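Notes follow once the structure below has been shown.
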Amino acid sequence: MRVRIAPSPTGDPHVGTAYIALFNLAFARAHGGTFVLRIEDTDQKRSTAASEAAILRSLHWCGLLWDEGPDIGGPFGPYRQSERAEIYRVHAQILLDRGTAYRCFCSQERLDALRASQRAAGEDWRYDGHCRALDPKLASARAEAGEPSVVRLAMPLDGETVVADVLRGEVRTENARVDDQVLLKTDGLPTYHLANVVDDHLMEISHVIRAEEWISSTPKHLQLYAAFGWQPPVFCHMPLLRNADRSKISKRKNPTSLEFYERSGILPEALLNFLGTLGWSMPDPTVDVFGLQDFVAHFDLARVSLGGPVFDWERLMHLNGVWLRRLGPSALASRAAAYHRDGEREAAIAALIAERVPSLGDWHHHAAPFFGAEVPLAAEGRHLVIGSASRKKNAVRLDAAGSAAFLEAVIAGLEAMPAWQAAGIEATLRAVVGTAGIAAGDGFMAVRVAVVGRSAAPGLFETLEVIGKALVLVRLRRAVAFVQEPSALQGELARLEAEAQALRAALGQAFPTPDNAHTEVSA
RNA sequence: GGCCCCAUCGUCUAGUGGUUAGGACAUCGGUCUUUCAAGCCGACGACGCGGGUUCAAUUCCCGCUGGGGUCACCA
């Protein structure tokens with residue numbers, strides 16, 4: 001048996017990728033099969049080498065190791081779709097020759113107009129088959145003459161396609177509802193649908209275990225297998241990980257980057273254990289702490305449950321604590337040391353905090369904000385809504401109402417940054433502060449407290465660079481939630497007031513003055 | 001909106017045609033402890049609604065409701 005994980009290198013390594021990889025790996029290991037990693041980088045505009053490298057690195061960190069892949073090769077390579085363009089072209093030609101695909105010369109404008117009119121008429125969007133009737137010989141002559149075209153799948157016009165899903169049984173779709181999918185783009189590269197089917201076949205993938213979002217395009221895939229005359233693999237669509245509001249997991253509402261979990265100090269063992277409890281459980285349901293070995297030993301695809309599981313940070317943290325304790329003191333110490341000791345980064349931190357560290361003993365205090373998922377917000381939370389304590393006359397001050405919007409704008413700006421270094425961060429922050437029209441000091445202070453949790457810290461831009469994008473963005477999002485939930489600050493205020501009162505009373509007893517002695521008496 | 005998928009405590013889940021519906025996180029109590037955690041003990045807390053089928057439905061069927069996904073020359 002052969003399974004695969006096929007991430008697209010278009011962004012940060014995603015926790016959903018790890019989730020699906022885990023189940024594929026477990027399936028392969030449980031059945032003595034092979035787990036393949038394939039990079040689906042056919043989107044030239046969005047794919048980057050940096051993203052691919054990050055995905056490989058993060059999967060390694062998780063301990064989700066593949067048997068064949070672009071880095072280690074294998075008998076079915078290349079494992080990077082951008083290196084297989086010729087294969088897809090040849091296969092598209094096969095379909096063209098058989099008449100199960102056709103060239104389409106429709107312009108983007110025509111497609112847009114078509115879509116608009118269909119929408120106006122309240123119909124489903126579907127390609128109208130305009131080019132389907134073209135004479136294939138004429139069409140190929142036009143293409144050879146250099147006219148831009150795509151290749152579309154000629155879906156059967158009637159009948160239905162039945163997907164036999166391992167977990168859901170037969171899912172039926174009327175062919176007439178399925179669009180003539182573009183298989184080969186104008187740039188000559190395939191779309192997901194073609195590349196995926198061709199590769200899964202050529203790489204002899206026996207079981208496709210992927211996320212539920214793919215289920216509605218599976219009929220297209222089945223039609224492709226049929227058009228090639230190939231035996232389709234077994235399909236299994238896993239439930240989608242969810243945000244707390246039950247929408248598909250997204251970085252806006254959850255930390256989704258694996259780098260975030262790594263940098264947060266989550267143990268990969270705990271992360272895998274946690275992911276393994278989402279939509280899956282041990283045959284003995286009282287066992288909820290299990291490692292990859294146990295997971296594999298008891299793995300059964302049929303035990304997957306289909307309700308979309310909410311990704312619950314609290315539960316992950318609990319499991320992390322369990323795994324940490326399980327390590328025992330000496331292993332824990334070395335894991336913690338390894339976590340804190342990470343080459344370049346450590347030197348960068350040292351450079352930033354050096355002038356604030358009077359002795360080695362103060363090191364950890366100043367380095368602390370560079371580690372961990374969360375930063376205390378309540379203590380300095382007032383700065384999030386009032387900005388810097390220093391006042392410049394005539395400057396527009398930050399206020400509570402504008403704070404969340406400002407921080408959201410900061411998030412959007414930082415998120416869009418292609419590179420992550422101090423100069424760019426500064427430019428972005430200054431731009432956002434300018435747009436918001438608030439005093440720079442206020443804006444920077446709000447960001448500082450949101451990300452560092454302290455109002456006294458090293459230079460903001462350099463600090464953000466070293467903390468890292470994944471952690472910075474998640475901390476900023478948590479700060480937004482914090483300022484939108486005023487009870488957090490109010491609670492802290494009430495607590496501080498109560499404490500102050502108690503202290504005052506104690507002081508009054510210890511050092512009575514006419515004034516507070518009087519207070520005591522009257523109280 | 002069309003099509004498709006899904007539905008047990010707030011959350012992750014187990015489960016069966018007849019169970020006191022089990023476990024875990026969170027929450028709340030208690031206990032241990034110099035503190036805080038951790039640990040231990042306990043409490044709270046669920047079968048979405050309506051029809052069927054059946055001696056019996058949380059479990060099987062249908063409808064509804066709710067949630068989600070998908071409708072690209074992105075994957």
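Per chain, numbering begins at 1; letters A, B, ... match sequence-line order. Just so we're clear, the structure is a prediction, and the values are computed from it rather than from any experiment.
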* Asked: Between A:H193 (NE2) and B:C74 (P), how many Å, whole number?
  -> 9 Å

* Asked: Under 4.0 Å between a side-chain N or O of A:W125 and OP1 or OP2 of B:A72?
  -> yes

* Asked: Which nucleotide in the set B:C25, B:C12, B:A75 lies at the smallest distance from any side-chain heavy atom of A:E314?
  -> B:C25

* **Candidates A:R477, A:R252, A:K469 - the one meeting salt bridge (charged side-chain N to carboxylate O under 4.0 Å, His left out) with A:E415** => A:R477

* To do: Could you tell me whether the phosphate oxygens of B:A7, OP1 or OP2, come under 4.0 Å of any side-chain nitrogen or oxygen in A:R246?
  => no

* Starting from P on B:A75, measure out to CD1 on A:I5 and report it in whole angstrom. => 16 Å

* Asked: Using a cut-off of less than 4.0 Å, is there contact between a side-chain N or O of A:K185 and OP1 or OP2 of B:C74?
  -> yes

* Asked: Between A:R115 and B:A72, is there a side-chain N or O to OP1/OP2 distance below 4.0 Å?
  -> yes

* Structure fact -> Mate of B:U35 across any strand shown (Watson-Crick or G-U wobble, both atom pairs under 3.5 Å) is none

* If you round to the nearest 0.5 Å, how far is CZ of A:R152 from SG of A:C131? -> 7.5 Å

* Sole candidate of A:F311, A:Y261, A:W313 that passes ring-ring contact (aromatic ring centres under 6.0 Å, His included) when paired with A:F274 -> A:F311

* To the nearest Å, how far apart are A:R242 CZ and B:U13 P? -> 10 Å

* If you measure from CH2 on A:W61 to CG on A:L258, what distance do you get to the nearest 0.5 Å? -> 7.0 Å

* **Residue met sooner reading RNA chain B from 5', once A:L184 and A:M282 are mapped to nucleotides** => A:M282

* Asked: Does a side-chain N or O from A:S217 land closer than 4.0 Å to OP1 or OP2 of B:U70, or not?
  -> no

* Return the nearest nucleotide to the side chain of A:S281; candidates are B:A14, B:C25, B:C74. => B:A14

* Select base, sugar-phosphate, or nothing to describe what A:R303 touches, counting heavy atoms under 4.0 Å on all strands. => sugar-phosphate

* In Watson-Crick or G-U wobble terms, both distances under 3.5 Å, what is the partner of B:G66? -> B:C6

* Below 3.5 Å, does any donor atom in the side chain of A:S216 face an acceptor in the base of B:C71, or the other way round? -> no

* **G-U wobble or Watson-Crick pairing nucleotide for B:G45 (cut-off 3.5 Å, both distances)** => none

* **Residue A:E213, side-chain heavy atoms: nucleotide from B:A75, B:C25, B:A14 that is nearest** => B:A75

* Is any N or O donor-acceptor pair between the side chain of A:R168 and the base of B:C5 shorter than 3.5 Å? -> no

* Structure fact -> Ranking A:H318 and A:L167 by the position along RNA chain B of their nearest nucleotide, the one closer to 5' is A:L167

* What's the closest nucleotide to the A:K248 side chain, out of B:G69, B:U13, B:A75? -> B:G69

* To do: Under a 3.5 Å limit for both distances, which nucleotide forms a Watson-Crick or G-U wobble pair with B:C40, could you say?
  => B:G30

* Using both distances under 3.5 Å as the test, list the Watson-Crick or G-U wobble partner of B:C55, or none. => B:G18

